[in-house]
Protein chains: 2
Amino acid sequence: MMDQAKMDPRAVRTRKLIMDSFITLSERKEFKDITVKDITMEAMINRATFYRHFEDIYDLLEKALSEVLLVNLDSAAFTERELDEQTFFQLFEAVTNFQQSISHRCHSGYEETIARIIRDQLEVIFFKLLTKKNPQANADSLHLTAVMLSWGIYGASVEWKRNGGLSPETFIKGAIPFIRFGLEAE
Amino acid sequence: MMDQAKMDPRAVRTRKLIMDSFITLSERKEFKDITVKDITMEAMINRATFYRHFEDIYDLLEKALSEVLLVNLDSAAFTERELDEQTFFQLFEAVTNFQQSISHRCHSGYEETIARIIRDQLEVIFFKLLTKKNPQANADSLHLTAVMLSWGIYGASVEWKRNGGLSPETFIKGAIPFIRFGLEAE
DNA sequence: CCAAATGTGTTGCTTAAGCGACAAAATCGA
DNA sequence: TCGATTTTGTCGCTTAAGCAACACATTTGG
């Protein structure tokens, strides 16, 4: 991201303080019990400052989780790749890793928010890869494809969580040929 | 210290950033090679901000070392005690610990600064303890006594560094009776 | 049930920190 | 040695963060 490029260093610092404090707190107690005051006290910043950076705690939840997911997904690295079998493997693995990492902290009741975050990030990546693969194709149809792929991958991760045992690799392996066949055909 | 009481939290934060960065840097390179820029970059603050907190790097050296020494001396704890044998032991040990801890980082050429810092801190502690022991005594003479004791303890630590082997306890043990005898006599 | 306590989001004003530019000093390298 | 960097310390101006107070929900526990 060129997010923090040309951002005021104070803002960068404060934002990080808030994010980190939130992550720390969410290891101790679950989301619904965390107040803005808790966060600002942990971060040792003023409560008013919190609202300069985030709409409210839900906004923070969203952005904090996005950031964590972003690290797992390492979007930049993925968009350098091709839309091949390897990439599917690793995207799926990144998602399951992420789900694992936040399943410790208790965000019960916010599954839908989390799901949307995951899908949003996946969608961006898929769209970039699709555009690279089919530069001349219609953007809207690529977008729609990306949306469907992101929902698909996410759905697979839900299914994976339900079936305890399998490793992410072996689990997703079954579906990949089908997906790719569809992709190749287009 | 009531230092950071009623201080602006931003200033507290920034001050700590600078101090920590300086400590970090002084583990990597020696004092004379550390520039203000190095510190402010490490601390990710603006160079101008440095000068809001410190006169110059020498001022920082002084205050940073004072702080480190303060932790070793734990002034508050010592001033709760009596001016007895135990206290002399432990003050001497604190000083030698401090000398050890900064001997890794290379502050060559600043021994005199460091020495003064140590003596200043010792002097404050001795003065408090002396005042507690002799509440009715003349303040000036207590001050002078504190000065002499602080120089004495520091001198002893220099001597101790020269003679490699002995433990601080056994080393100082020889002198304590004499010091105490003088104190008791007064 | 309702009062007291706690949490939310916003505001106007104050202040610490960021920025760029500057002259002057120190350091370096050829 | 001398010119070129680099470092130092300072300046005026801009902006992010602190603060206290506010009205308005929400808990909470007696």
Side-chain angles (χ1 to χ4, degrees), chain A residues 1-26 28-64 67 105-110 113, chain B residues 1-22 24-26 28-64 67 106-110 113:
Chain A
M1 294 287 166
M2 51 152 281
D3 250 14
Q4 79 183 51
K6 77 175 187 287
M7 265 197 72
D8 191 304
R10 289 171 290 183
V12 175
R13 205 170 21 253
T14 301
R15 202 185 163 80
K16 183 163 166 39
L17 277 173
I18 296 174
M19 293 270 196
D20 290 351
S21 302
F22 176 64
I23 301 289
T24 302
L25 281 177
S26 67
R28 273 209 284 285
K29 47 167 88 168
E30 57 178 300
F31 179 72
K32 73 169 176 47
D33 294 331
I34 298 176
T35 71
V36 174
K37 189 118 183 271
D38 292 336
I39 295 164
T40 57
M41 282 180 59
E42 174 80 23
M44 295 197 297
I45 60 150
N46 194 277
R47 204 164 54 83
T49 306
F50 175 91
Y51 292 101
R52 292 174 164 276
H53 291 268
F54 304 97
E55 292 275 321
D56 49 32
I57 333 186
Y58 302 99
D59 186 32
L60 171 60
L61 172 69
E62 190 142 328
K63 287 171 175 158
E67 206 129 301
R105 342 187 201 293
C106 315
H107 294 298
S108 43
Y110 299 91
T113 302
Chain B
M1 293 285 167
M2 51 150 281
D3 249 15
Q4 80 183 53
K6 77 174 186 280
M7 265 198 72
D8 191 304
R10 289 170 290 182
V12 175
R13 203 165 29 249
T14 302
R15 200 185 164 80
K16 182 161 165 41
L17 278 174
I18 296 174
M19 292 269 195
D20 290 351
S21 302
F22 176 64
T24 302
L25 282 177
S26 67
R28 273 210 285 285
K29 48 167 87 171
E30 58 178 300
F31 180 72
K32 72 171 176 45
D33 294 330
I34 298 177
T35 71
V36 174
K37 191 124 185 266
D38 291 337
I39 295 165
T40 58
M41 281 180 62
E42 174 79 24
M44 295 196 298
I45 60 149
N46 193 276
R47 203 165 54 83
T49 306
F50 175 92
Y51 291 101
R52 293 175 162 274
H53 291 268
F54 304 97
E55 292 275 322
D56 50 34
I57 332 186
Y58 303 99
D59 186 32
L60 170 61
L61 172 70
E62 190 143 329
K63 287 172 176 158
E67 206 130 302
C106 316
H107 292 298
S108 44
Y110 299 92
T113 302

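Residue numbering restarts at 1 for every chain, and letters A, B, ... go by the order of the sequence lines. Model, not experiment: these values are computed from the prediction.
- Distance, Ile18(A) CD1 to dA17(D) P: 8 Å, rounded to whole Å.
- Atom C1' of nucleotide dC19(C) and atom CZ of Phe50(B) are separated by 18 Å, given to the nearest angstrom.
- Among the atoms of the strands shown, only primed sugar atoms or phosphate atoms (P, OP1, OP2) are found under 4.0 Å from some heavy atom of Ile57(A).
- The residue Ala11(A) sits close only to the backbone: its heavy atoms come under 4.0 Å of sugar-phosphate atoms, none of a base.
- Here dT8(C) presents its P atom at 14 Å from CG of Asn46(A), a figure rounded to the nearest Å.
- For the residue pair Thr49(A) and Asn46(A), no side-chain donor N or O sits within less than 3.5 Å of a side-chain acceptor on the partner.
- One can place CG of Asp8(A) at 12 Å from P of dA17(C), the figure rounded to the nearest angstrom.
- Rounded to whole angstrom, the span from the NZ atom of Lys37(B) across to the P atom of dT7(D) amounts to 6 Å.
- When each of Ile34(B), Asp33(B), Asp20(B) is checked for a side chain to side chain contact (heavy atoms under 4.5 Å, CB included) with Leu25(B), only Ile34(B) meets the rule.
- Both His53(B) and Arg47(A) sit near DNA chain C, but only Arg47(A) has its closest nucleotide nearer the 5' end.
- One can place CD1 of Ile39(A) at 12 Å from P of dG7(C), the figure rounded to the nearest angstrom.
- In this structure, Ala48(B) and Asp38(B) both approach DNA chain D, and ranking their closest nucleotides by distance from the 5' end singles out Asp38(B).
- Summary of the strand contacts: Asp56(A) and Arg13(A) both lie near DNA chain C, and taking for each the nucleotide with the nearest heavy atom, the more 5' one is attributed to Asp56(A).
- Straight-line distance from the CZ atom of Arg10(B) to the P atom of dC19(D): 7 Å, rounded to whole Å.
- If you take CZ of Arg52(B) and P of dC11(D), they are 12 Å apart, rounded to a whole angstrom.
- Between Glu42(A) and Arg28(A), at least one side-chain N (NZ, or NE/NH1/NH2) sits under 4.0 Å from a carboxylate O, which counts as a salt bridge.
- Looking at every heavy atom in both residues, Leu60(A) comes nearest to Met19(A) through CD1-SD, 4.4 Å.
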